[in-house]
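Report on the following structure.
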Amino acid sequence: MPPGQQTFTKEGLIGKLAEIEAMGFIPNARHGNHGGVGNTLEDLLGIEENNLPIPNAAEWELKTHRKGSASLVTLFHSEPSPRAVRFVPRVLLPLYGWPHQQAGAKYPATERSFRQTISGAGPSDRGFKVVVDRDARKVLISFDPLSVDSRHHLWLAQVKERAGLAELDPQPYWGFDDLAHDAGSKLHNSFFVEAEVKRETGRELYHYSRATMLSAFSLDRLLAGIESGVVYVDFDARSGHNHGTKFRVRSDALPMLYEQNKRLF
DNA sequence: GGTACCTGGAC
DNA sequence: GGTCCAGGTAC
């Protein structure tokens, strides 16, 4: 915990969130940053922004979401194993990527992209899916060239040239124990805060009007969510910036990943 | 300066 | 609802 970092007990955080709710609409404190709704709440709580895989506030993690938004909630980041392969920058982006939409405009003409939001429910239109292998105790990424939609036939021909049309070998994976550590160390207990958003003369304002307390994150529930299709693995790289590989969940399913949840307001 | 995290989007 | 995408920082 860095010096000066605000810390809260559970009761203290509940009280502070109630005070913030009573403040009504509050201007975005981070202009131009898509994370404004979360950053603004962190500022109100006096929590310093941090990128370490530790909870934001003592043992309590904060999750913020815009009401009415279909955006997925990011649970945690973790690059797949074996790490030495460096799958995203060395395999997925160069061999399975495609020209970025803004290549030659916002970015260099050679800019490539590999963005995939995939689950265990079925393959994406580029043939990627997530598999929960309970025998091997691994979550792994699978590529099936037969599942690629015809609209990507040019891309598939390039994949054939660069990598061949077969299953990934080796397949990227996360061991159950690694996932339990990544998730458990960060998400064991969480507050899920939802904000109404309004725009006013070009700026955004947030009303943090709903909060749920989530206790005891469950790896079994995460794995079941992957299989049912409410939890996703999200690859998120372009040539100039790998935003990292994320585990994400549909916001309405977030509470189901915890053993207990309690609506605060 | 590259990698791996953080916070989140629009169409 | 799936596809594709964003600005930041720690080390």
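Lettering of chains follows the sequences in order, A, B, ..., and the numbering in each one begins at 1. These numbers come from the heavy atoms of this one structure, side chains and all, not from hydrogens, waters or symmetry mates.
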Margin query: Do A/Y258 and A/S190 pair up side chain to side chain, a donor and an acceptor below 3.5 Å, judged on atom types alone?
Written below: yes

Item checked: Residue mapping more 5' on DNA chain C - nearest nucleotide basis, A/H241 or A/P123 -> A/P123

Next item on the list: For B/dC6, take OP1 and OP2 only and decide whether either is under 4.0 Å from a side-chain N or O of A/H77.
Entry: yes

Next item on the list: Starting from C1' on B/dG2, measure out to CD on A/E79 and report it in whole angstrom.
Entry: 12 Å

Item checked: Side-chain N,O (A/K63) to OP1/OP2 (B/dT7) below 4.0 Å -> yes

Notebook entry, point to check: Rounded to whole angstrom units, what separation is found between the CZ atom of A/R112 and the C1' atom of C/dC4?
Noted result: 15 Å

Item checked: Side-chain H-bond candidate by donor/acceptor type, A/E259 with A/S215, under 3.5 Å -> no

Check: What about A/F25 and A/Y208, are their ring centers closer than 6.0 Å?
Finding: no

Margin query: Quick check for you: among B/dC6, C/dC5, C/dT3, whose closest atom lies nearest to any side-chain atom of A/S124?
Written below: C/dT3

Next item on the list: Answer with base, sugar-phosphate or nothing: what part of the nucleic acid does A/T245 contact at a heavy-atom distance below 4.0 Å?
Entry: nothing

Check: Between A/Y96 and A/F143, does the ring centroid distance fall short of 6.0 Å?
Finding: yes

Margin query: By the 4.0 Å heavy-atom rule, please label A/D234 as base, sugar-phosphate, or nothing.
Written below: base

Note to self: Taking 4.0 Å as the cut-off, does a side-chain nitrogen or oxygen of A/H100 come that near to OP1 or OP2 on C/dA6?
What the structure shows: yes

Checklist line | Distance test, side-chain N/O of A/T74 to OP1/OP2 of B/dC6, below 4.0 Å | finding: no

Note to self: Under 4.0 Å, heavy atoms only, any strand: does A/F128 hit a base, just the sugar-phosphate, or nothing?
What the structure shows: nothing

Check: What nucleotide, of B/dT7, C/dC5, C/dT3, holds the atom closest to the side chain of A/R151?
Finding: C/dT3

Notebook entry, point to check: Please give, in whole Å, the distance from C/dC5 C1' to A/I118 CD1?
Noted result: 16 Å

Check: Does a nitrogen or oxygen in the side chain of A/R115 sit under 4.0 Å from OP1 or OP2 of C/dT3?
Finding: no

Next item on the list: Could you tell me the separation between the CG atom of A/D182 and the C1' atom of B/dA4, rounded to a whole number of Å?
Entry: 11 Å

Check: Is any side-chain N or O of A/Q116 closer than 4.0 Å to OP1 or OP2 of C/dT3?
Finding: no

Check: Rounded to whole angstroms, how far apart are CG on A/L75 and C1' on B/dA4?
Finding: 17 Å

Notebook entry, point to check: Going through the checks in order, is the side-chain hydrogen bond (donor to acceptor under 3.5 Å, both in side chains) test met by A/N261 and A/T212?
Noted result: CA-CA 7 Å; A/N261 58 85; A/T212 308; over 6 Å; no

Next item on the list: Using a heavy-atom cut-off of under 4.0 Å over every strand shown, decide if A/D125 touches base, sugar-phosphate, or nothing.
Entry: sugar-phosphate

Item checked: Gap between atoms CD and C1', on A/Q102 and C/dC4 respectively (whole Å) -> 11 Å

Checklist line | Residue-phosphate contact under 4.0 Å: A/Y232 side-chain N/O, C/dG2 OP1/OP2 | finding: yes

Margin query: Suppose we call a contact any N or O donor and acceptor under 3.5 Å apart; does that hold for the side chain of A/K246 and the base of B/dG8?
Written below: yes

Notebook entry, point to check: For the pair made of CG in A/N242 and P in B/dG1, what is the distance, rounded to whole Å?
Noted result: 18 Å

Next item on the list: For C/dG1 versus C/dC5, give the span between their C1' atoms, rounded off to a whole number of Å.
Entry: 16 Å

Notebook entry, point to check: C/dC4 base to A/T117 side chain: any donor-acceptor pair below 3.5 Å?
Noted result: yes

Next item on the list: Grab the CG-C1' distance between A/L72 and C/dC4 for me, whole Å please.
Entry: 12 Å

Note to self: If you assign each of A/R83 and A/S69 to its closest nucleotide in DNA chain B, which residue comes earlier from the 5' end?
What the structure shows: A/R83

Notebook entry, point to check: In a check of side chain to side chain contact (heavy atoms under 4.5 Å, CB included) between A/L72 and each of A/K246, A/R250, A/H65, which one passes?
Noted result: A/R250

Next item on the list: For A/Y107, report the nucleic acid contact type (base, sugar-phosphate, nothing); a contact means any heavy atom under 4.0 Å.
Entry: sugar-phosphate

Check: So which nucleotide from B/dG8, C/dG7, B/dT7 ends up closest to the side chain of A/R248?
Finding: B/dG8

Check: Just to confirm, is there a sub-4.0 Å distance from OP1 or OP2 of C/dC5 to any side-chain nitrogen or oxygen of A/Q101?
Finding: yes

Notebook entry, point to check: Do A/K67 and A/S209 have side-chain N/O donor and acceptor atoms under 3.5 Å apart?
Noted result: yes

Notebook entry, point to check: Is the aromatic ring centre of A/H243 closer than 5.5 Å to the centre of the six-membered base ring of C/dA6, with the two planes inclined by less than 30°?
Noted result: yes

Notebook entry, point to check: How would you label the contact of A/R90 with the nucleic acid (heavy atoms, under 4.0 Å): base, sugar-phosphate, or nothing?
Noted result: nothing

Item checked: Residue closer to the 5' end of DNA chain C, A/R250 versus A/W98 (nearest nucleotide) -> A/R250

